[in-house]
Amino acid sequence: MTYKVFRTMPFSDRLIALRKQRGLTQEALADLIEITKTQVYRYESGTSQPTLDVIKKIAIALSVTSDELIFEVDERKPDDSLTLLLEGVNRLDSDEKHVIREMIEGMLVKHQTKQMVKSLAR
């Protein structure tokens, strides 16, 4: 099955597009995820947001990941230059990977600390 890529689209529009792509009515989707048709309408109109449990059920019913429902394309991926570096890390042995992981985690903690200090200084 070919999946269309949904670049910048709110959750409600993405849900409509995926549901229609699967040939499902609001009622059919509601039946699959055991909620009311009215609630599906609310999600699709943007007047209500599903719980995590419902997002999981929607993802299963539509045969997509929860990330595909929630996030924009490439929203959770590193930029291209980091992707190339991370591909190189895959060739390292486990000890070297561990060192790289610790360095990245340390930089992230440092960044988060700087952000917290900035917000406290305001």
Side-chain angles (χ1 to χ4, degrees):
M1 177 177 287
T2 303
Y3 298 103
K4 289 183 182 176
V5 176
F6 304 104
R7 294 234 176 256
T8 55
M9 183 183 287
F11 169 80
S12 56
D13 292 342
R14 193 174 295 114
L15 178 59
I16 293 167
L18 287 166
R19 176 180 58 76
K20 288 181 178 181
Q21 207 177 64
R22 304 307 185 275
L24 296 172
T25 63
Q26 287 180 338
E27 188 170 358
L29 179 60
D31 289 344
L32 284 172
I33 59 177
E34 301 174 333
I35 62 172
T36 65
K37 176 184 171 187
T38 302
Q39 193 59 46
V40 171
Y41 170 79
R42 289 180 185 140
Y43 298 150
E44 291 186 356
S45 66
T47 59
S48 182
Q49 293 294 315
T51 64
L52 290 174
D53 186 51
V54 173
I55 288 171
K56 180 180 175 182
K57 289 179 180 182
I58 292 170
I60 291 168
L62 298 177
S63 299
V64 296
T65 66
S66 56
D67 279 5
E68 290 174 87
L69 284 173
I70 300 168
F71 296 101
E72 301 294 332
V73 173
D74 297 333
E75 186 175 2
R76 296 196 58 197
K77 294 180 181 179
D79 63 40
D80 289 342
S81 64
L82 287 176
T83 299
L84 291 173
L85 289 172
L86 292 172
E87 287 174 5
V89 169
N90 279 333
R91 293 188 296 270
L92 301 176
D93 66 37
S94 61
D95 289 339
E96 292 167 324
K97 286 179 184 178
H98 180 73
V99 170
I100 299 294
R101 184 178 297 111
E102 285 185 343
M103 289 172 50
I104 292 171
E105 288 171 353
M107 288 302 298
L108 292 172
V109 168
K110 179 181 175 183
H111 173 75
Q112 290 169 338
T113 303
K114 284 173 35 177
Q115 295 302 312
M116 288 173 45
V117 169
K118 282 183 186 177
S119 68
L120 291 174
R122 292 181 199 164

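The structure presented is a predicted model; accordingly, all values stated were derived computationally and were not measured.
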(message) Please enumerate all residues that pass side-chain hydrogen bond (donor to acceptor under 3.5 Å, both in side chains) together with D67, with sequence neighbours excluded.
(response)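 D67 satisfies side-chain hydrogen bond (donor to acceptor under 3.5 Å, both in side chains) with R76 once adjacent residues are dropped.
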What distance separates [X] [atom1] from [Y] [atom2], expressed to the nearest 0.5 Å?
| X | Y | atom1 | atom2 | result |
| --- | --- | --- | --- | --- |
| I100 | D95 | CD1 | CG | 12.0 Å |
| M107 | I104 | CE | CD1 | 10.0 Å |
| E96 | R101 | CD | CZ | 12.5 Å |
| L32 | R19 | CG | CZ | 11.5 Å |

(message) I'd like to know if I70 and V64 are part of one continuous hydrophobic network [Ile/Leu/Val/Met/Phe/Trp/Tyr, side-chain heavy atoms within less than 4.5 Å].
(response)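 The answer is yes; both residues are in one hydrophobic cluster.
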(request) Could you state whether V54 and F71 fall into the same hydrophobic cluster, counting links through intermediate Ile, Leu, Val, Met, Phe, Trp or Tyr residues with side-chain heavy atoms under 4.5 angstrom apart? (result)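 Yes.
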(message) If you count every heavy atom of other residues, nucleotides or ligands that lies below 6.0 Å from L108 atom CG, does the total exceed 12?
(response)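 Buried by this count: over 12 neighbours within 6.0 Å.
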(message) If you count heavy atoms of other groups shown closer than 6.0 angstrom to NZ of K56, is the number above 12?
(response)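 Atom NZ in K56 is not packed in, count stays at 12 or less.
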Closest heavy-atom contact between [X] and [Y]?
| X | Y | value |
| --- | --- | --- |
| S66 | A59 | N-CB, 3.9 Å |
| R22 | S63 | NH2-O, 4.1 Å |
| I33 | K57 | CG2-O, 3.3 Å |
| R14 | L69 | NH1-O, 2.9 Å |

(message) With a 3.5 Å distance limit and no angle check, can you tell me whether R42 reaches the backbone of T47 through a side-chain donor-acceptor pair?
(response)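 The answer is no, because no donor-acceptor pair under 3.5 Å joins these two groups.
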(request) Please answer whether the main-chain N or O of T65 pairs with a side-chain N or O of E68 as donor and acceptor at a distance below 3.5 Å. (result)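 It does hold such a pair.
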(request) May I have all residue pairs that pass side-chain hydrogen bond (donor to acceptor under 3.5 Å, both in side chains) and include part of residues 102-117, sequence neighbours excluded? (result)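 Every pair satisfying side-chain hydrogen bond (donor to acceptor under 3.5 Å, both in side chains) with a residue in residues 102-117: H98-E102.
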(message) Using side chain to side chain donor-acceptor pair (under 3.5 Å), reason through T36 and T38 one step at a time and then give a plain yes or no.
(response) CA-CA 5 Å; T36 65; T38 302; 4.6 Å; no
(request) With sequence neighbours left out, write down each residue that passes side-chain contact (heavy atoms from CB on, under 4.5 Å) with L15, or none if nothing qualifies. (result)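 Expected list: F11, L29, Y43, E44, I58, L62.
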